[in-house]
Amino acid sequence: MLQILTPSGDLVAEAPLDLDMTTRLYRALVFARAYDRKSTALQKQGRLATYAPFEGQEAAQVGSAAALNPDDWLVGTYRDAAAMWMQGYPLDLLFAGRTGDERGGSPPEPINVMPPSITVGGHMVHAVGLAWAERLQGSDRVAITYFGDGATSEGDFHEAMNFAGVFDVGCVFFCQNNGWAISMPRESQTASETIAQKAIAYGMPGIQVDGNDLFAVFSATRDAVLRARLGEGPTLIEAMTYRLGPHTTADDPSRYRTEDESAEWRRKDPLERVRIYLSERDRWSEEWQAEIEAQASAEVEEAVAAAEALDPPGVAGVFDAMFADLPPILAEQRRMAEEAE
Amino acid sequence: MAELTYRDAVAYGIAQEMRRDPNLVMLGEDIAGAGGVFKTTVGLLDEFGPARIRDTPISEQAILGAAMGAAMTGIPVIAEIMFSDFIAVCFDLLANEMAKSAYMTGGQLSVPVVVRTANGGGSRFGAQHSQSVENWCMMIPGLKVVAPSTPADVVGLMAASIRDPDPVVFFEHKSLFASKGEIPEGEIVDELGTARVVREGTDCTIAALALMVPRALEAADRLADEGISAEVIDVRSLVPLDTKTVLASVEKTSRLYTVEENPRLCGWGAEVASIVADEAFWDLDGPIVRITTPHIPLPAAEALEDMAIPSVDRIYETVSKTIG
């Protein structure tokens, strides 16, 4: 397993990022945590629909997305808001999407981030197609797709990996192995020793990294993205991380896992090790921490306000979005639905 | 005018669009070197090369998923599913992904994919390779569904489907591949959502699709010998559905028959019957009659398959006995 920065903030290999960039990404980690906790709070107030928290997985998402070019494709899931935000997805639209407003699924051009996949696994094959089409059009844009350990049991994972290998496309498969697929532990999900080793079967490199280590995640993703961009094919990255919270706000993890396990992972927190690292290099202070937390909180509040200020979606919009032109048979149903509204 | 088989019309139609749009690509199993297991894509590899005519692993989910991903970059894509029965293997990608993309992105991400597939019975391929599954797709909001019955319609509706910004499932009928028809000179582009009156009549309307169209026409010839004037409509497109043409015909004839190859429950004709009962009830002089395959797995045995799928005899006899 690739590790560069230990949980106690010690470097065990050369840092792949300079101090300025590390500082920027630390702010992103703090921001991601603020967004995540705010979303859970909003859900409890009934202002968001079911939410899937990613606390504990911030470094996996921020570190990997930081390795992309701004116009690379990102195809993630409902638990990947931090990665999506890193790649330019507007925060207010992330919130709008979680209120059930489908306008949250249409980021402005030229942001090449797909709306979060709600089905498990169905999106991985889209990333393969995106990468294939970019190559056909002579572009060196790559596609990265995010998924969890549970999704590797879906047939889509096999088909996407196999297709990517055969088509030799510039696609990075980024698995956040957070230990649990709802209540199923990783060892009940697959008899493979690691998820990374599955790459061998598809003729591509696979690498396991400490997913709570910003540096290791960035380094591995940067290498995989470079390979993809140079036309050297796909890569599978397994980021070892942990879902500190529930599967979703509708889930209670105390029913299936121990407090001890979560506590152990708390000690491997992805933010804390970067904080220590920066602190030891005089790049961190309590005042600055308070300042960036306040900034994150303000930006998150602003995005929530923007999302909540949108006019409520109307039923006509559902009909209008379905097809480029509304078929006559639907025009009548649209009229009836509007009357009933 | 050139005469082409329905089979050759498929490649002819695809080639017309590939010449027009250099971004158009196609992927599927055995479509390149083999020219398709039904020989519907012969010659395309030679003309357009392996980057645009792309053989894939046996991987229907990835075929539709990759087609959708590629289309989301803005290029049109044709994806072939070898037998329409296999749509069941990749239904998630079709029904939950492609069909929902435009809605779930507020109309931003349409998916210009044409899913071509060989549909229907008559070839003794059995319960898992002979089904008519157009109704599976018709019931999914967000998909368009087309099923041509003639070579000219194959070309024209293929062009319309490829140029359409929404996902279209294009059903090619296996038992029509050998049939022949005239193809007009020049570029042919038809319109989705348009039915066609293929035989005019005054006593009853027979609405049919794909292989059932020539059978309905033959039955109408025999009915004419008995003095029954049947109007035959080739429905052509299930989504969008051209209800105007059907309703106008029923207004004239006052009787409606549907001829459907799909198993009876929730077949496309049930929707047509419902619409006609709703909007043209007072024009009707008798009950709407659906002539369908029974609600059974399609048998492989020759005699049983022939018994199951509506035949010219069954259409003729049903109309003759019930028109009163």
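To find a chain, count down the sequence lines: A is the first, B the second, and so on, and within it residues start at 1.
With A/F95 as the partner, the side-chain contact (heavy atoms from CB on, under 4.5 Å) test is satisfied by one option alone out of A/L310, A/L42, A/D101: A/L42.
In terms of heavy atoms, B/A71 sits closest to B/V113 at CB-CG2, 3.6 Å. The minimum heavy-atom distance between A/I118 and B/M104, with the atom names listed, is CG1-CE, 4.4 Å. Residue B/I58 comes nearest to B/E29 through the heavy atom pair CA-OE2, 3.5 Å, listed as atom of the first residue, atom of the second, then distance.
Within the 4.5 angstrom heavy-atom criterion, no atom of A/P313 approaches chain B. Proximity to chain A (any heavy atom under 4.5 Å) is restricted, for B/T243, to the side chain, taken from C-beta onward. Heavy atoms of B/I275 lying under 4.5 Å from chain A belong exclusively to its side chain. Neither the backbone nor the side chain of B/L192 comes within contact range of chain A; no heavy atoms are under 4.5 Å apart. With a threshold of 4.5 angstrom between heavy atoms, B/R52 does not approach chain A through any atom at all. Contacts between A/F167 and chain B at a heavy-atom distance below 4.5 Å involve backbone atoms as well as side-chain atoms. For a residue to count as touching a neighbouring chain, one of its non-hydrogen atoms must lie under 4.5 Å from one of that chain's; by this rule B/A51 touches chain A with backbone and side chain alike. Proximity to chain A (any heavy atom under 4.5 Å) is shown, for B/P141, by both the backbone and the side chain.
Atom CG of B/D55 sits in a crowded spot, with more than 12 heavy atoms from other residues, nucleotides or ligands closer than 6.0 Å. A 6.0 Å sphere centred on CD of A/Q197 holds more than 12 heavy atoms belonging to other residues, nucleotides or ligands.
Heavy-atom pairs under 4.5 Å with chain A were tallied for B/G142, B/P240, B/S101; the largest tally goes to B/G142. Heavy-atom pairs under 4.5 Å with chain A were tallied for B/A102, B/S59, B/G106; the largest tally goes to B/S59. Residue with the most contacts toward chain B among A/V166, A/V169, A/L330: A/V166 (heavy-atom pairs, distance under 4.5 Å). Note on B/N23, B/N96, B/T56, B/D92: by heavy-atom pairs under 4.5 Å with chain A, the leading option is B/T56. No other option in A/A143, A/G105, A/S139 has as many heavy-atom pairs under 4.5 Å with chain B as A/G105. The candidate with the highest count of non-hydrogen atom pairs below 4.5 Å against chain B, out of A/V128, A/N112, A/I329, A/V318, is A/V318. Top candidate by heavy-atom pairs under 4.5 Å with chain B, chosen from A/E134, A/M114, A/R103, is A/M114. Chain B forms more heavy-atom pairs under 4.5 Å with one residue of A/P107, A/A164, A/G104 than with any other, namely A/P107. Most heavy-atom pairs under 4.5 Å with chain A: of the set B/L64, B/V77, B/V239, B/I75, this distinction falls to B/I75.
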Determine, step by step, whether B/R196 and B/T245 satisfy the side-chain hydrogen bond (donor to acceptor under 3.5 Å, both in side chains) criterion, reporting the C-alpha distance in whole Å, the side-chain angles of both residues, the deciding distance to 0.1 Å, and the verdict.
-> CA-CA 7 Å; B/R196 179 179 293 142; B/T245 297; over 6 Å; no
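A/Y146 and A/Q176 are not linked by any side-chain donor-acceptor pair at a separation below 3.5 angstrom, with hydrogens and angles left out of the test. No donor-acceptor contact under 3.5 angstrom links the side chains of A/Q189 and A/T152, judged on distance only.
Looking at heavy atoms from C-beta onward, A/F147 lies in side-chain contact with A/H123 at the 4.5 angstrom threshold.
Between A/H158 and A/Y202, the ring planes are tilted. Angles from 30° to 60° get that label.
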